[in-house]
Amino acid sequence: MSTEQSSICSKWKDINWKSVEVAVYKLQKRIFRASQSGDVKRVRSLQRLLTTSYYGKLWAVRKVTQDNQGKKTAGVDGKKSLTPKERVKLVQNLKIGTKAKPLRRVWIPKPDGSQRGLGIPTIHDRALQCLVKLAFEPQWEAHFEENSYGFRPGRSCHDAIEAIFLTIRYKPKYVLDADIAKCFDRIDHTKLLAKLNTYPLLRRQIKYWLKAGAMDKGDWFPTEEGTPQGGVISPLLANIALHGMETELMNYACTLKGRKAANKKALSLNP
């Protein structure tokens, strides 16, 4: 065990979480700035540093086992509600490149009478997903489109409502209301993995999660497309897959009749 580990994990309750959070945030900020400047080599180097950092692993395990709402939800291994000693052991066992266990399929009833399937990873896979998300999110936050609000840190539906209000309060505009049917379930794995723009080990780890399959009533089913809706990293992967829609919409506006600048402004959320 390294000096860093031995000084931190003697007792879970004695961990200085403020120091852990600050250390993780500083690395994320460096990843964000490197991504903003287009320094791909530095982004990947810092991501490797974060995913192997003991502070990053501690923060990921805390998020999954203590802070998240699904902390008492078990995967196929039946493990949930870890003790402090089990959390320390989980931190020590987190390693990028580990093959994923199948998801546990859970069916949630919808208001229209149909059912929505959730794929619940094991606690180990959820903690590893959270660790990867800590490294991936700042890279993509530097590039996500301005008017994207779903599943992003520091943004909520209230921000989207405010943006719409500021846009329409002086001039009426058309509203496009669209629902992507089974968005999470139909994401193409090959295209998503190619779009990630990351180094091979991290790409392979995400592929393990995407291809892990699901257990439903004792039977294993392959997952050939989509991201599991019960996974920690799934919302981020969905945002990455959908990134570019606003740009494509603006490009489409240029093909319409009339002045291109006016068409673009009519579609924009900027006042």
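The closest donor-acceptor contact from the side chain of S234 to the backbone of T227 lies at 3.5 Å or more, if one exists at all. The backbone N or O of L134 sits less than 3.5 Å from a side-chain atom of Q28, completing a donor-acceptor pair. Side-chain atoms of S37 come within 3.5 Å of backbone N or O of A34 as a donor-acceptor pair. The backbone N or O of I31 sits nowhere less than 3.5 Å from a side-chain atom of Q139 that would complete a donor-acceptor pair. Checked by atom type and distance alone, the side chain of R126 pairs as donor or acceptor with a backbone atom of P121 at under 3.5 Å. R186 places no side-chain N or O within donor-acceptor distance of the main-chain N or O of E225, the cut-off being under 3.5 Å. A donor-acceptor pair under 3.5 Å links the side-chain atoms of Q47 to the main chain of A135, judged by distance alone. Formation of a donor-acceptor pair under 3.5 Å by the K57 side chain with backbone atoms of L94 is found in this model. Between the side chain of S45 and the main chain of K41, no donor-acceptor pair closer than 3.5 Å is present.
The line from OG1 of T122 to CD of Q129 is 8.5 Å long, rounded to the nearest 0.5 Å. Between the CD atom of Q205 and the CG atom of D125 there is a distance of 7.5 Å, given to the nearest 0.5 Å. Atom NE2 in H143 sits 14.0 Å away from atom OG in S148 (nearest 0.5 Å). How far CG of L202 is from OG1 of T51: 6.5 Å, rounded to the nearest 0.5 Å. One distance of note links CG of L237 with NZ of K195; it measures 11.5 Å at 0.5 Å rounding.
A tilted orientation is assigned to the rings of W17 and W59, their planes being inclined by 30° to 60°.
In summary, of the residues considered (K133, R33, R152), a salt bridge (charged side-chain N to carboxylate O under 4.0 Å, His left out) with E141 occurs for R152 alone. Across V76, D77, D216, a single residue satisfies side chain to side chain contact (heavy atoms under 4.5 Å, CB included) together with R104, and that is V76.
Screening residues 193-248 for ring-ring contact (aromatic ring centres under 6.0 Å, His included), with sequence neighbours left out, gives W140-H243, F144-H243.
Looking at D67 and R62, a side-chain N of the basic residue comes within less than 4.0 Å of a carboxylate O on the acidic one, giving a salt bridge.
Shown here is K89, whose NZ atom has no more than 12 heavy atoms of other residues, nucleotides or ligands within 6.0 Å.
Grouped by direct or indirect side-chain proximity (heavy atoms under 4.5 Å, Ile/Leu/Val/Met/Phe/Trp/Tyr only), V106 sits with I108, L118, I120.
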